[in-house]
Each structure stands twice: as structure tokens, then as C-alpha cells.
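Along the sequence shown, residues carry numbers from 1. Side chains are part of it too, since the values below use all heavy atoms of this structure and drop only hydrogens, waters and symmetry mates. These figures come from a predicted structure and were not determined experimentally.
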Amino acid sequence: MSEKTDTKKEPVVPMDTYPKLFVECGEPFTQGAYIYVDQFEILFGRVGTNSKPDIAFSNAFVSRRHFAIQYCSGQASIVDLNSKHGTKVNGRPLTPHLPFTLKHGDIISAANETVVLHFSSLDLDQTLDFQPISHEMIQCNGTSLPFTMDEIKQTVTYKKQTCTLSDKEFLFFYKLAHSLNEFVLKTDIKKEVWPERELLEDGVPDVHAEELNALVYRMRRKLHNDFTIEVIRGKGYILHLNE
């Protein structure tokens with residue numbers, strides 16, 4: 001008498017239920033492309049003679065083995081693999097080889113922000129319908145102004161033109177935009193943009209003047225047609241809207 005064979009198969013998990021990484025930038029991927037986090041470990045890096053990562057970027061700032069994303073029991077985490085130019089989550093540098101647990105909406109940037117990815121734990125249909133709570137119309141004296149900011153995508157939209165900002169550029173703009181045409185202290189900018197920095201005796205993050213100047217320079221180049229950043233020497237900044 002022959003034995004019965006158990007033909008029961010493992011249930012198939014729909015792909016859309018896995019977490020995803022939406023690409024903001026990262027050649028050769030186009031903006032809006034997405035990568036499923038559907039295996040225990042996915043290696044991100046750049047193709048080399050002895051290196052073939054699961055997800056390959058072409059920018060030379062990306063290390064051969066830059067970072068990995070691990071997925072187990074419904075939870076995703078990211079670990080920097082001691083890359084040359086580092087990996088950040090929400091603007092904060094990762095410690096090499098120390099896993100960091102990801103949550104919905106986290107922004108991953110790598111290699112001097114030549115790679116920017118948004119982590120989503122929603123299924124695809126939910127993601128397409130999702131309107132981030134941080135998408136807001138700025139108000140001044142009770143009147144809505146004609147530009148919006150999206151904290152998840154780190155974008156500013158004005159006159160149907162959308163500008164994508166880096167982590168610190170967005171934090172800088174966000175702080176100034178909520179005090180449009182009003183003076184904002186330099187110390188408040190340092191606290192808002194560099195919260196990860198060591199604090200000096202006065203409780204202000206240790207940020208050099210060159211870093212602030214470079215940030216303002218980049219912002220002026222990106223937003224010069226729509227906004228003006230006025231510098232009050234040694235004291236702070238004022239953001240003006242060019243109407």
C-alpha cells in the first residue's frame with residue numbers, strides 16, 4: 001500500500017504586500033520607480049569586477065557594497081556596510097554595521113544624496129492613494145500662500161513647479177517658510193537642521209559658519225526664481241516669496 005504524499009503548498013504572498021522603496025533619485029532608476037523588499041537581505045551598491053549587488057546604482061560615489069536592507073518577520077532594517085560616503089536615514093548618519101529599524105515614511109539617502117529612497121510599508125494600492133499628513137499649504141496671517149511642502153518627498157511646489165530638496169535643505173526651508181518674511185535666528189536654524197550634532201555649552205549644535213553658508217548658497221541656486229533668502233549678517237535669515 002503506497003503512502004500518501006502531502007502536496008500542500010506554502011501560501012503565495014502577494015508582492016504588493018511587501019514593503020517598497022520608492023526612488024527619488026539614483027541612476028539608472030527613474031524617479032517614481034519602486035523596489036520591493038521581498039527577501040531576507042538585499043545588497044545595494046555599484047557593480048565592480050568582484051561585486052554584483054542585488055540593486056546597482058551607477059554613480060561613482062556609491063560604494064561597491066554600500067548598504068543592505070534586511071527583511072524578517074514583517075520588519076525591515078537597514079545597515080551601512082562601512083561605505084566610503086555613508087548612508088543616512090531622515091538626515092542622520094548610520095553607524096557602519098549597526099542595523100537601523102525602518103518605519104513607514106523614512107527617507108534613505110546615500111553617497112552625498114546621489115541616491116534618495118523613500119521607504120513605504122503600505123501595500124501598493126494604499127500607497128497610490130496615500131496623501132502624506134505633511135503635505136501642507138503654508139499660511140501667513142491666516143491667509144494661505146500659493147506654495148506647498150511635502151515632508152515625505154522633501155519637495156516644494158510653487159506655480160506648478162516642484163523642487164526636490166536634500167534632507168538639510170528641506171529642514172532649512174521648512175523652518176524659514178513657517179516664518180515667511182520674518183526673522184529667524186541662526187541658532188534656531190542650527191537646532192532644526194543639525195539635531196544630531198554635539199551640543200556646545202550654550203546648547204546650540206556645533207555647526208561651522210562654512211556649513212551654513214554652503215547651505216544658503218545651494219538653496220539660493222535651487223529657489224532663486226521663486227524665493228529670496230535674506231541674510232542678516234551674524235544673526236539669522238528671512239525668507240521672501242517672489243510673486
>> Assess the residue pair Thr114 and Phe57 against the criterion (side chain to side chain contact (heavy atoms under 4.5 Å, CB included)); give the C-alpha distance rounded to whole Å, side-chain angles, the decisive distance to 0.1 Å, and a yes or no.
In response: CA-CA 9 Å; Thr114 58; Phe57 298 102; over 6 Å; no

Nearest heavy-atom neighbours spanning [X] and [Y]:
X: Pro28; Y: Ser58; answer: N-OG, 3.9 Å
X: Lys190; Y: Val207; answer: NZ-O, 3.5 Å
X: Trp194; Y: Leu212; answer: CZ3-CD2, 3.8 Å
X: Ser83; Y: Thr87; answer: OG-OG1, 3.9 Å

>> Nearest 0.5 angstrom please: Asp80 CG to Ile108 CD1, how far?
In response: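 The distance works out to 11.5 Å.
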
> About how many Å separate CG of Leu165 and CG of Leu171, when rounded to the nearest 0.5 Å?
Replying inline: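 Nearest 0.5 Å value for the CG-CG distance: 10.0 Å.
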
> Knowing that exactly one of Glu24, Glu169, Lys222, Gln154 qualifies, which makes a side-chain hydrogen bond (donor to acceptor under 3.5 Å, both in side chains) with Thr164?
Replying inline: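 Only match with Thr164 under side-chain hydrogen bond (donor to acceptor under 3.5 Å, both in side chains): Glu24.
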
> Below 4.0 angstrom, N of the basic side chain to O of the carboxylate: do Glu211 and Arg197 qualify?
Replying inline: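 The answer is yes: the pair qualifies as a salt bridge.
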
Below 6.0 angstrom between ring centroids: does that apply to [X] and [Y]?
X: His66; Y: Phe44; value: no
X: Phe22; Y: Phe119; value: no
X: Tyr237; Y: Phe183; value: no

> Is it true that Phe172 and Phe147 fall in one hydrophobic cluster, defined by side-chain heavy atoms closer than 4.5 Å?
Replying inline: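 Linked within one cluster.
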
>> Please check if the number of heavy atoms outside Asp202 that lie under 6.0 Å from its CG is greater than 12.
In response: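 Buried by this count: over 12 neighbours within 6.0 Å.
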
> Distance-only, no hydrogens or angles: does the Lys20 side chain make a donor-acceptor pair with backbone N or O of Ile35 under 3.5 Å?
Replying inline: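 Here the side-chain-to-backbone pair does not exist.
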
>> Side chains of His240 and Asn181 only: does a donor on one sit below 3.5 Å from an acceptor on the other?
In response: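 Side chains of His240 and Asn181: pair found under 3.5 Å.
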
> Taking the inter-plane angle between the rings of Tyr36 and Tyr34 on a 0 to 90° scale, is it parallel (under 30°), tilted (30 to 60°) or perpendicular (over 60°)?
Replying inline: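 Plane angle over 60°, so perpendicular.
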
